[in-house]
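Inspection log for the structure reproduced underneath, given as structure tokens.
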Amino acid sequence: MPIAAIQDILDGKYAGKPVSVRGWIYRKRESKKTIFLVVRDASGIIQCTVKTDNPSWTQAEKITIESSVMITGTVKQDKRASGGYEITVEKLSIIGLAETFPITQDKSEEFLRDVRHLWLRSRRMSLIMRVRSEVLRFTHEFFRKEGFIEVSPPMFISSACEGGSTLFGLKYFGKDLYLTQSAQLYLEALIYSLEKVYCVAPSFRAEKSRTIRHLTEYWHIEPEWAFADMDDLMRVEEDLLSYICQKTAEDCKREIESLGADISKLKVVNTPFPRITYTEAIEKLTAKGFKIKWGEDFGYDDEKALAEEFGKPFFVYAYPRQIKAFYCKTHRDNPDLVMSTDMLVPRIGEISTGGAREDDKEELLRRIRELDLREEDYKWYIDLRRYGTVPHVGFGLGLERLLTWMLDLENIIDAIPFPRTTRRFYP
Ligand code: AMO
């Protein structure tokens with residue numbers, strides 16, 4: 001007999017028919033004459049009933065929560081059953097009898113994080129993981145559609161991309177190396193042959209901040225492309241975000257509703273996004289009574305206040321040189337500013353940073369010296385400006401920050417299966 005996906009049964013494809021399902025016991029309830037087993041598989045949950053006269057009764061009595069099972073029976077339409085269908089069991093085989101499952105309803109968040117390897121079985125975590133997978137699919141679809149080529153950057157690196165304070169160091173056969181903070185510099189090397197490239201890869205940050213938006217290991221969506229300016233950059237970025245939001249609202253409606261997240265905020269993500277300069281952002285914040293001065297970087301509270309005003313994703317661009325990285329391209333008509341832009345969303349603040357890269361060798365060298373970086377560490381990167389330099393742009397979008405916003409998650413740690421933070425690296 002074919003093994004049915006539970007969702008297909010709930011969709012009415014097996015009404016009145018014999019069927020087999022495989023899965024795990026989600027809930028169990030007993031009365032004198034019937035045992036009700038709620039079984040879950042990857043697609044959904046369904047109630048299965050075993051009667052006293054069934055030869056499987058003793059198996060059903062013995063079965064425990066989270067035991068793995070194979071059930072054969074007949075699908076019955078029943079308005080009282082959640083989902084509208086149930087299975088009258090003919091045969092129940094226990095595949096793996098579970099010990100007493102440690103997760104019960106009264107457990108604390110902290111406990112659930114300690115047993116993350118088991119908590120991943122919860123309906124909530126499975127729904128999030130499904131949407132995460134779909135968001136990745138839409139990301140790949142978008143870049144392929146736009147002619148970008150997927151590339152694979154290294155994780156071991158010898159010089160910093162985003163500044164020393166968040167670098168994870170490690171010993172590499174006696175030499176000092178680091179874990180990558182961003183693939184950007186390597187992507188820049190690849191545009192000279194492929195022109196438009198992207199990757200989705202882990203980035204590592206020795207980030208001491210314990211906030212709802214910081215991980216030490218996160219997944220980074222990073223495109224980089226040649227012959228492009230800031231306008232092209234913001235256009236591709238907003239197109240990507242609106243593609244992801246629209247497709248997710250369409251294809252993950254059931255998951256989003258089950259998670260209790262607000263689907264309407266995804267549906268209204270349409271291009272063009274509002275754009276304000278850094279200077280305008282400072283003026284807005286000053287008007288709201290914030291103490292921030294021109295030249296200072298935004299804190300989380302500043303970003304949240306700005307984002308509240310827009311209520312949807314928007315760009316801040318043209319930042320002061322002193323708060324941005326060495327690779328940012330200086331505005332030729334105003335050397336105090338660099339061509340850099342952040343995308344901000346409500347509640348989370350910054351979800352991406354991007355910009356035009358300094359493509360002039362002398363300007364780049366000047367920035368490297370100004371920031372006291374070691375020129376020899378960036379020799380290969382400077383080479384890229386020696387041989388056929390081109391104007392180019394790119395951005396980095398944090399997948400988990402994006403999901404935290406899209407799914408109204410309280411904390412970024414629920415956007416990734418095995419979160420790594422300052423305090424958490426088990427399991
Ligand atoms: P930046 O350092 O701003 O820029 O990082 C880009 C995006 O990565 C995400 N992010 C994080 N997500 C979770 N936990 C963290 N600790 C964390 N740190 C960063 C955010 C952020 O917007 N190379 C540049 C980008 C570029 O210009 O192309 C970079 O890495 O969503």
Side-chain angles (χ1 to χ4, degrees), residues 132 135 139 148 153 157 159-168 178-191 197-225 228 230 232-234 236-237 240-241 244 297-300 303 307 313-319 323-329 338-345 347-359 367 381 392-406 409 411-416 419-424:
R132 182 184 165 106
V135 166
T139 302
F148 283 74
I157 53 145
S159 39
C161 181
E162 299 303 324
S165 66
T166 60
L167 263 185
F168 271 116
Y178 310 101
L179 287 176
T180 185
Q181 298 165 303
S182 160
Q184 181 199 318
L185 307 188
Y186 294 93
L187 298 183
E188 286 187 59
L190 283 154
I191 62 161
V197 298
Y198 80 101
C199 69
V200 182
S203 278
F204 303 89
R205 304 285 171 108
E207 189 78 68
K208 297 220 175 65
S209 336
R210 275 163 48 187
T211 73
I212 64 148
R213 61 177 197 168
H214 284 99
L215 293 165
T216 52
E217 177 182 328
Y218 69 96
W219 283 72
H220 212 164
I221 299 166
E222 297 185 276
E224 192 74 32
W225 66 109
M230 286 296 281
D232 301 319
L233 170 78
M234 289 191 255
V236 169
E237 213 174 325
L240 168 68
L241 212 80
I244 292 176
D297 206 356
F298 299 126
Y300 181 34
E303 290 180 6
F314 67 102
F315 291 106
V316 181
Y317 68 101
Y319 278 83
I323 54 169
K324 287 289 179 182
F326 73 97
Y327 50 71
C328 293
K329 183 167 174 167
V338 286
M339 299 180 200
S340 179
T341 178
D342 284 1
M343 188 193 284
L344 274 59
V345 297
R347 203 169 61 84
I348 311 299
E350 177 205 317
I351 59 162
S352 98
T353 297
R357 320 307 191 182
E358 188 50 76
D359 47 56
R367 283 290 282 151
Y381 184 70
H392 63 287
V393 297
F395 64 89
L397 169 66
L399 173 62
E400 292 78 15
R401 279 203 191 171
L402 174 63
L403 288 167
T404 305
W405 172 69
M406 289 176 72
L409 306 180
N411 192 307
I412 195 168
I413 64 172
D414 281 347
I416 189 163
R420 266 66 180 119
T421 64
T422 41
R423 290 184 310 149
R424 205 157 274 290

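Atoms within each ligand, like the ligands themselves, are counted from 1 in listed order. What's counted below: heavy atoms across the whole structure, side chains too, no hydrogens, waters or symmetry copies.
- Under 4.0 Å from ligand 1, heavy atoms of T353 appear from its side chain as well as its backbone.
- Of all the heavy atoms of Y218, the ones lying under 4.0 Å from any atom of ligand 1 belong exclusively to the side chain.
- For the pair R213 and ligand 1, a heavy-atom separation below 4.0 Å is found.
- Legend: residues meeting side chain to side chain contact (heavy atoms under 4.5 Å, CB included) with F168, ordered by chain and number and at least two apart, are L179, F204, A206, T216.
- Nearest approach of A160 to F326, heavy atoms of both residues: O-CE2, 4.2 Å.
- Judged purely by distance below 3.5 Å, without hydrogens or angles, the side chains of Y327 and Q184 pair a donor atom with an acceptor atom.
- Distance from atom 24 (C) of ligand 1 to its nearest protein heavy atom, with residue and atom name: E162 OE2, 3.1 Å.
- In this structure, E400 falls outside the shell of residues with a heavy atom less than 4.0 angstrom from ligand 1.
- Distances from atom 21 (C) of ligand 1 to the heavy atoms of E350, E188, R401, M343 put E350 nearest.
- Side-chain atoms of T211 come within 3.5 Å of backbone atoms of R213 as a donor-acceptor pair (strictly under, hydrogens ignored).
- Taking any N or O of L215, backbone or side chain, at least one lies under 3.5 Å from an N or O belonging to ligand 1.
- Under 4.0 angstrom from ligand 1, the non-hydrogen atoms of H214 come from both its backbone and its side chain.
- Look at K324 and D342 and you find a salt bridge, because one of the NZ, NE, NH1 or NH2 atoms lies within 4.0 Å of a carboxylate O, short of that distance.
- For the residue pair Y218 and E207, no side-chain donor N or O sits within less than 3.5 Å of a side-chain acceptor on the partner.
- The shortest N/O to N/O separation between E224 and ligand 1 does not fall below 3.5 Å.
- Between the choices Q181, Q184, R205, E207, the shortest heavy-atom distance to atom 30 (O) of ligand 1 belongs to R205.
- E188 and Y381 are linked by a side-chain donor-acceptor pair at a separation below 3.5 angstrom, with hydrogens and angles left out of the test.
- At least one heavy atom of R357 sits closer than 4.0 Å to an atom of ligand 1.
- For W219, no heavy-atom contact with ligand 1 is shorter than 4.0 Å.
- Nearest to atom 6 (C) of ligand 1 among the protein's heavy atoms is H220 NE2, 3.4 Å.
- Short contacts between ligand 1 and Y327, defined as distances under 4.0 Å to a heavy atom of the residue, involve ligand atoms 23 (N), 24 (C), 27 (O).
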